S.K.: 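A single structure is presented below for examination.
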Amino acid sequence: MATKFLSPKLLNTFPSFTRFLNSASTASLAAVAPLNFDEKPEAAAVEKQPTSLKQESITNATLDLDDHQRLFGSIPTLNLLRSSANLGLAANERFVDFGMWIMNSRLMETSLVRDAILKTVKHTFFQHFCAGETMEEAGDCVRRIHDKGFRGMLVYAVEHTSDNAGCERNLEGFLGSVELAKSLPASSEGIQNLGFEHSVECLCHNQLSSYTPAWKCRVEKTVDRSQQPPYPLILLLCPLNLQVGFVIAKITAICPIGLLKRVSDLLRWQYKDPSFYLPWKLNTLPIFSDSSALYHTLEKPAPLSPKEESDLQLAHQRLLKLCQKCVQDNVALTIDAEDTSIQPAIDYFTYSSAIMYNQDDNPIVFGTIQAYLKDAKERLFMTTKTAQSLGIPMGFKLVRGAYMSSESKLASLLGYDSPIHNSIRETHACYNDCASFMLERIADGYGAVVLATHNVESGQLAASKACDLGIQKGNQKLEFAQLYGMSEALSFGLRNAGFQVSKYLPYGPVDMVMPYLLRRAEENRGLLSTSSLDRVLMGKELKRRLKLQFAKSEIASPSSMKIEIGTH
């Protein structure tokens, strides 16, 4: 979207506006600083006058991971100890295995034991990795991280369901997330901590035409049309929701999972045999590539029954209702990925919705690409290029993947090679290639991407690539993301460089969120045990505080003795 700035002459005609600028923190007007973990740019780096956003491209992307005091200095010692302990336990694979065994055992059928375990989980891992049990608690968490310069990705953390009644309940939960996102205005402190100043503009009577429909809707609601044009309005142009970047939804929660498997089988068979007719199929983007895993469907599947077609239509209506709500409130919607047995149906839902709702260079519906899959890069290239040729702005969340064990086991059981890359290096290379591809598209003015990664090297490479491409500071089409409670060093470092960073915030009752926590424990056990950056930095900061406390005690003790002696 084009950005416009007021001329100094025009600014002088709006005293109230100039007072606002003068009262704002100049830290937000600074040019991009190198990646470091100081929560606010140092005064020496601050420029007195705002410069054009085009002049504020990322100029330095060097990760400095040593300054634990600046990174964790503002965190109370008790919270730091709790976080360090939780991450340490989560990194212990034997502990994770034992915990998962308990959660899946018959012990959970005993109410007394179940209540005790859930209470323990609530005050440890749930508190560390989740935003709360209610929307109110999630909103409070969003405000806290926003004051540190991060945005939230709201996740109503229901995993899946098997009936339409459950799907309807889950839809209400997702709609509630959008409503919560809309209700959270940006705070001035949060805007300043984002590290950049957004453009400002005086609206004249003929200027609304320069806005895309989503922006125009918000602008027209703000304009005071009781006065004659040009309207005496100064508008702070910023992301339409600074506190919440995305709402996350799972198709498995609004469509019965058995139906998703049936639809995936039918889509796979049609890819094998293009003459295979699917009367219910809507327009979509490429779902498969020549390297995609098709072994899940070895025989021609039966057509959907009238009941299945009816349920499929209901599922589509739920997703469309959610998309319409997101368009109305201009909140981006990201569809989470699943395992390959049902991912074709997930992509079908996602892309058919994107065709309908992604317009005017404003992607509302984002898909998810899992880079650990061998066909990920090819599918991303095909889908993006097809969408671009059709004039459909497409956004993607890029992740590594979450179902490594189950994918490999199923492929081995059926006598096929795993759809996952043979080594972690190949997965890293695929992720970085996909990130580079999307960054190049963004630099050319197309699409959007969320780079969801806990890998420092991938974050560094993407930051450097953005620098090389001249991607503007605060570009709304590029966002980094990490799970809440993880990779804090990387999150702060990227934020301090001027990039937008979101934290993935699951919320809901503890018993409902347990499947999510178990899946994350299984998915991240290797990551947490091998990538210990946060724990190392937290440990150094705790040692620094301990030494400082001892030093203060040593200084205080002789002093108190002298006073005591002098009084006798």
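As a basis for the values below, the full set of heavy atoms in this structure was taken, side chains included, without hydrogen atoms, waters or symmetry mates. This structure is a prediction, so every number in the text was calculated from the model and none was measured.
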S.K.: What's the separation between atom CG in Leu451 and atom CD in Gln500, rounded to the nearest 0.5 Å?
M.R.: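 It comes to 12.0 Å.
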
S.K.: Ignoring hydrogens and geometry beyond distance, is a side-chain donor-acceptor pair present between Asp339 and Ser406 at under 3.5 Å?
M.R.: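 On atom types as modelled, these side chains do not qualify, holding no pair under 3.5 Å.
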
S.K.: Which pairs pass ring-ring contact (aromatic ring centres under 6.0 Å, His included) with one or both residues in residues 290-312, sequence neighbours excluded?
M.R.: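 Output for this query lists Tyr295-Tyr416.
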
S.K.: Under 3.5 Å, is there a donor-acceptor pair between the Ser487 and Gln482 side chains?
M.R.: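 Note: Ser487 and Gln482 side chains miss the donor-acceptor criterion.
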
S.K.: Between Asn358 (side chain) and Ile364 (backbone), is there a donor-acceptor pair under 3.5 Å?
M.R.: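 Present.
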
S.K.: So do the side chains of Leu294 and Lys272 get within less than 4.5 Å of each other, counting heavy atoms only?
M.R.: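 Leu294 reaches Lys272 side chain to side chain.
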
S.K.: Do Lys503 and Ser491 have side-chain N/O donor and acceptor atoms under 3.5 Å apart?
M.R.: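 Yes, because at least one side-chain N or O of Lys503 sits under 3.5 Å from a partner of the opposite role on Ser491.
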
S.K.: Less than 4.0 angstrom from a charged side-chain N to a carboxylate O is my criterion; do Asp265 and Lys261 meet it?
M.R.: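 Looking at Lys261 together with Asp265, the answer is no, because their closest N to O distance does not fall below 4.0 Å.
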
S.K.: Please report the interatomic distance CD1(Ile248) to OH(Tyr504), rounded to the nearest 0.5 Å.
M.R.: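 Between atom CD1 of Ile248 and atom OH of Tyr504 there are 5.5 Å.
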
S.K.: So, taking the atom named CD in Gln243 and the one named CZ in Arg151, what distance separates them when rounded to the nearest 0.5 Å?
M.R.: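 Those atoms lie 10.5 Å apart.
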
S.K.: Looking just at side-chain N and O atoms, do Tyr372 and Glu426 make a donor-acceptor pair shorter than 3.5 Å?
M.R.: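 No, no side-chain donor-acceptor pair sits under 3.5 Å.
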
S.K.: Could you pull out the closest heavy-atom pair between Arg495 and Gly149, with the gap in Å?
M.R.: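 Result for this residue pair: CG-O, 3.6 Å.
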
S.K.: Taking atom NZ as the centre, does Lys321 end up with more than 12 heavy-atom neighbours from other residues, nucleotides or ligands that are less than 6.0 angstrom away?
M.R.: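 Not more than 12 within 6.0 Å, no.
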
S.K.: Distance under 6.0 Å and angle within 45° of the ring axis: does Arg441 meet both against Phe437?
M.R.: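 Arg441 over Phe437 ring: yes.
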
S.K.: Under a 4.0 Å threshold between the charged nitrogen and the carboxylate oxygen, would Lys397 count as salt-bridged to Asp336?
M.R.: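 Looking at Asp336 and Lys397, the cut-off is met.
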
S.K.: Is any side-chain heavy atom of Ile287 less than 4.5 Å from a side-chain heavy atom of Arg268?
M.R.: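 Of all side-chain heavy-atom pairs linking Arg268 with Ile287, none is under 4.5 Å.
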
S.K.: Phe349 versus Leu282: any side-chain heavy-atom pair under 4.5 Å?
M.R.: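 They are not in contact (no side-chain heavy atoms under 4.5 Å apart), so the answer is no.
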
S.K.: Going by the ring-ring contact (aromatic ring centres under 6.0 Å, His included) test, which pairs reach into residues 243-267, not counting sequence neighbours?
M.R.: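 Listed by first then second residue: Phe246-Phe366.
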
S.K.: Examine distances only and state if a side-chain atom of Ser292 and a backbone atom of Ser289 form a donor-acceptor pair shorter than 3.5 Å.
M.R.: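 It does hold such a pair.
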
S.K.: Shortest non-hydrogen contact from Leu320 to Ser353?
M.R.: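 Where Leu320 meets Ser353 most closely, the heavy atoms are CD2-OG, 4.3 Å.
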
S.K.: Could you measure the distance from the CE atom of Met514 to the CZ atom of Phe126? Nearest 0.5 Å is fine.
M.R.: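 Separation between the atoms: 10.0 Å.
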
S.K.: For the residue pair Arg318 and Glu168, establish whether any side-chain heavy-atom pair is separated by less than 4.5 Å.
M.R.: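 Side chain of Arg318 against side chain of Glu168, heavy atoms only: contact under 4.5 Å found.
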
S.K.: For residues Asn164 and Arg169, is any side-chain donor paired with an opposing acceptor at under 3.5 Å?
M.R.: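 Side-chain D/A pair, Asn164 to Arg169: absent.
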
S.K.: Go through the side-chain N and O atoms of His428 and Arg400 and say whether any donor and acceptor fall under 3.5 Å apart.
M.R.: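 Judged by distance alone, the side chains do pair up.
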
S.K.: Please round to the nearest 0.5 Å and tell me the distance separating atom CG of Leu439 and atom OG of Ser464.
M.R.: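 One finds 10.5 Å between CG of Leu439 and OG of Ser464.
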
S.K.: Would you say Tyr507 and Val513 make side-chain contact, with heavy atoms under 4.5 Å?
M.R.: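 The answer is no; the side chains never approach within 4.5 Å.
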
S.K.: Side-chain donor-acceptor pair under 3.5 Å between Gln328 and Lys182, yes or no?
M.R.: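 No, because no side-chain N or O of Gln328 sits under 3.5 Å from a partner of the opposite role on Lys182.
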
S.K.: Are Lys325 and Glu179 ion-paired here, with the side-chain N under 4.0 Å from a carboxylate O?
M.R.: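 Looking at Lys325 and Glu179, the cut-off is met.
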
S.K.: Thinking salt bridges, do Lys300 and Asp273 make one under a 4.0 Å N-O criterion?
M.R.: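 Looking at Asp273 together with Lys300, the answer is no, because their closest N to O distance does not fall below 4.0 Å.
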
S.K.: Side chains of Tyr348 and Leu266, heavy atoms from C-beta outward: is any pair under 4.5 Å?
M.R.: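 Answer no - side chains too far apart.
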
S.K.: Less than 4.0 angstrom from a charged side-chain N to a carboxylate O is my criterion; do Asp468 and Lys465 meet it?
M.R.: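 Looking at Asp468 and Lys465, the cut-off is not met.
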
S.K.: Tell me the closest heavy-atom pair linking Phe129 and Met486, and the distance in Å.
M.R.: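 Closest approach of Phe129 to Met486: CE2-CG, 3.5 Å.
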
S.K.: Pairing donors with acceptors under 3.5 angstrom, does anything connect the side chains of Glu338 and Tyr403?
M.R.: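 Note: Glu338 and Tyr403 side chains meet the donor-acceptor criterion.
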
S.K.: Can you name the one residue among Thr334, Asp347, Ile335 that meets side chain to side chain contact (heavy atoms under 4.5 Å, CB included) with Thr368?
M.R.: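 Single side chain to side chain contact (heavy atoms under 4.5 Å, CB included) partner of Thr368 among Thr334, Asp347, Ile335: Thr334.
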
S.K.: Roughly how far, to the nearest 0.5 Å, is CG of Asp511 from CE of Met108?
M.R.: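 Reported value, rounded in 0.5 Å steps: 9.0 Å.
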
